[in-house]
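Counting starts at 1 for both ligands and their atoms, following the listed order. Just so it is clear, the structure is predicted and the values come from calculations on it, not from any experiment.
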Amino acid sequence: MAAAILRRKAELRAAVAGWRQAGESIGVVPTMGALHEGHLSLVAAAKSACDRVIVTIFVNPRQFNNASDLAKYPRTEEADAEALAPYGVDALYVPEPGEIYPEGFATTVSVAGLTDVLCGAHRPGHFDGVATVVSKLFLQSGADRAFFGEKDYQQLQVVRRMAADLDLPIEVKGCPTVREPDGLAMSSRNLRLDAAARAAAAALPHTMGAMAAALRDGDTASVAGAAARADLAAAGFAEVEYLELRASGDLRLMERPEAPARLFAAAWIGGVRLIDNIEV
Ligand code: AMP
């Protein structure tokens, strides 16, 4: 059955209050819509861990550092509601902008350190926008658990830090990246690739996999990274914004995977910026 679409925080709070009274646990899955199987895997994880599940759809203007990226972001509410129907979601929260940023809104939640690197260094203000909206969605939903994808691993770490630092009573769960059959991480941005760029884009996860293998075999990140950048250029990537080995916890830069580490990349192909990360 299709979930009720709630557009006001008062409606959301009323639904949640009823569930709380019945002693039910509540999960929330924050999204910007244009749902694909990556998002749906989070919904499935939430459904199996919680009695009630809220999916939120809000294209958050504050996390876009580029006006045309915001304008081009797909909005597919009807298809999203249909995609969610088989999952037995209890509420689809699609707040009107004023429910999130009312007139006079003046507060920013900013996580230091973790946001200085990777996407934070290339997208000024992005993680302030994320931390601000996510803290609001946590407080508006009052959920016990929140589900985020490892696809956006830095975002996951930022949200974990923010929830811990602010004593938000919510458990943040990370879920594995869902990929297309050729290995490309699912993303709403993939739809913007033309056929040739889409075919070439799979070189990103493949090159990262090869670089991870080289790191495990003892190569340094500098040496393995230079080879990987050459491979990406040969595959048709116009620019590699970053390709870095970092610690899985605090995201400090590493030359060798001496502690739990991940490889992070952002690269442009066919006018689209793709990101990915894998465990090393
Ligand atoms: P977005 O709508 O892009 O803001 O993403 C909403 C949530 O879905 C975030 O927690 C993302 O990390 C997660 N997500 C996006 N793509 C994937 C994917 N391919 N696999 C798993 N989770 C994903």
Counting non-hydrogen protein atoms only, what is the nearest one to atom 4 (O) of ligand 1? Give residue, atom name and distance. M32 CG, 3.7 Å
Whether the S110 and D128 side chains hold a donor-acceptor pair (N or O, under 3.5 Å, no angle test) is what I'd like checked. yes
For atom 22 (N) of ligand 1, which protein heavy atom lies nearest, and how many Å away is it? G149 CA, 3.5 Å
Is the contact between S187 and ligand 1 made by the side chain, the backbone, both, or neither, using heavy atoms and a 4.0 Å cut-off? neither
Can you report which non-hydrogen protein atom sits closest to atom 16 (N) of ligand 1, along with the distance? H36 CE1, 3.3 Å
For atom 1 (P) of ligand 1, closest protein heavy-atom neighbour: H39 NE2, 3.7 Å
Out of all atoms in ligand 1, which are within 4.0 Å of some heavy atom of L42? Include the element for each. 7 (C), 8 (O), 10 (O), 13 (C)
Please step through salt bridge (Lys or Arg N to Asp or Glu O under 4.0 Å) for the pair R189 and D69, ending with a clear verdict. CA-CA 10 Å; R189 291 195 163 83; D69 195 25; 2.9 Å; yes
So K9 and E99, salt bridge (Lys or Arg N to Asp or Glu O under 4.0 Å) or not? Walk me through it. CA-CA 6 Å; K9 66 185 166 203; E99 295 295 288; 5.3 Å; no
In terms of residue, atom name and distance, what is the protein heavy atom nearest to atom 20 (N) of ligand 1? V178 N, 2.9 Å
Less than 4.0 Å is my threshold; does some heavy atom of Y73 fall inside it relative to ligand 1? yes
May I ask you to check whether E255 and S222 show a side-chain donor-acceptor distance below 3.5 Å? yes
Would you mind checking which non-hydrogen protein atom is closest to atom 11 (C) of ligand 1, with the distance to 0.1 Å? D152 OD2, 3.0 Å
State if A34 counts as touching ligand 1 under the rule of any non-hydrogen atom under 4.0 Å. no
Yes or no on salt bridge (Lys or Arg N to Asp or Glu O under 4.0 Å) for E77 and R7, after CA distance, side-chain angles and deciding distance? CA-CA 12 Å; E77 185 182 305; R7 299 192 192 273; 2.7 Å; yes
Return the closest protein heavy atom for atom 23 (C) of ligand 1 as residue, atom name and distance. K151 CB, 3.9 Å
Angle class for the H122/Y242 ring planes (parallel below 30°, perpendicular above 60°, tilted otherwise)? tilted
P30 and ligand 1 - part of the residue with a heavy-atom distance under 4.0 Å: backbone
Non-hydrogen atoms of E37 versus ligand 1: any pair closer than 4.0 Å? no
Kindly determine whether R262 and D276 satisfy salt bridge (Lys or Arg N to Asp or Glu O under 4.0 Å), including the steps that lead there. CA-CA 10 Å; R262 298 184 83 88; D276 203 347; over 6 Å; no
Indicate the ring-plane relationship of Y101 and F58, choosing parallel, tilted or perpendicular according to the 30° and 60° boundaries. tilted
Is it the case that Y93 and Q140 place a side-chain donor and acceptor less than 3.5 Å from each other? yes
